[in-house]
Amino acid sequence: MTVFDASLRMLHESGAGIGVQIDLTEERIRLLSGDVEIADWALGEIVANAQPDGIHVRAEGEELILDMTEDAEFALELGLRTGPPQLVRKMSKLMRERRSN
């Protein structure tokens, strides 16, 4: 199981957002806040891209922004290969480390 802690906010909302756990298992993305499931989508149902303010996820006509410390790991788990320069550098470093292990 691959789990990430993040802050979630909707596009065009300001503020810190709400704390969520993101569970990426079995080709699904589940967003949980405490015991409450916020979303559960097959990875094929979402469109994700990395922006300077976080990972943007679009599904069911909505767009949300996930901001997290482990953004490079999360982006790679989602299969992303592009993004802002700082994120791409972190992703490249992580890929090199994984290859050397």
Heavy-atom closest contact ([X] atom, [Y] atom, distance):
X	Y	result
Pro84	Ala50	CD-O, 3.6 Å
Arg28	Asp40	NE-OD1, 2.8 Å
Arg81	Met91	CA-CE, 3.8 Å

Should we count [atom1] of [X] as having more than 12 external heavy atoms under 6.0 Å?
X	atom1	answer
Glu97	CD	yes
Gln86	CD	no
Glu27	CD	no

side-chain contact (heavy atoms from CB on, under 4.5 Å) partner of Ile55, chosen from Asn49, Leu80, Leu64
Leu80
Between Ser33 (side chain only) and Gly19 (backbone N and O only), is there a donor and an acceptor less than 3.5 Å apart?
yes
Let me see the working for Asp53 and Asp67 under side-chain contact (heavy atoms from CB on, under 4.5 Å), right down to the final yes or no.
CA-CA 7 Å; Asp53 61 346; Asp67 184 30; over 6 Å; no
Are [X] and [Y] connected in the hydrophobic side-chain network, where two residues link if heavy atoms are under 4.5 Å apart?
X	Y	result
Ile65	Ile29	no
Val88	Phe74	no
Leu11	Val47	no
Leu32	Ile38	no
Trp41	Ile22	yes

If you round to the nearest 0.5 Å, how far is [atom2] of [Y] from [atom1] of [X]?
X	Y	atom1	atom2	answer
Glu73	Asp71	CD	CG	7.5 Å
Glu63	Arg9	CD	CZ	10.0 Å
Ser7	Leu66	OG	CG	8.5 Å

Under 4.5 Å between any side-chain heavy atoms of Leu31 and Gln21, yes or no?
no
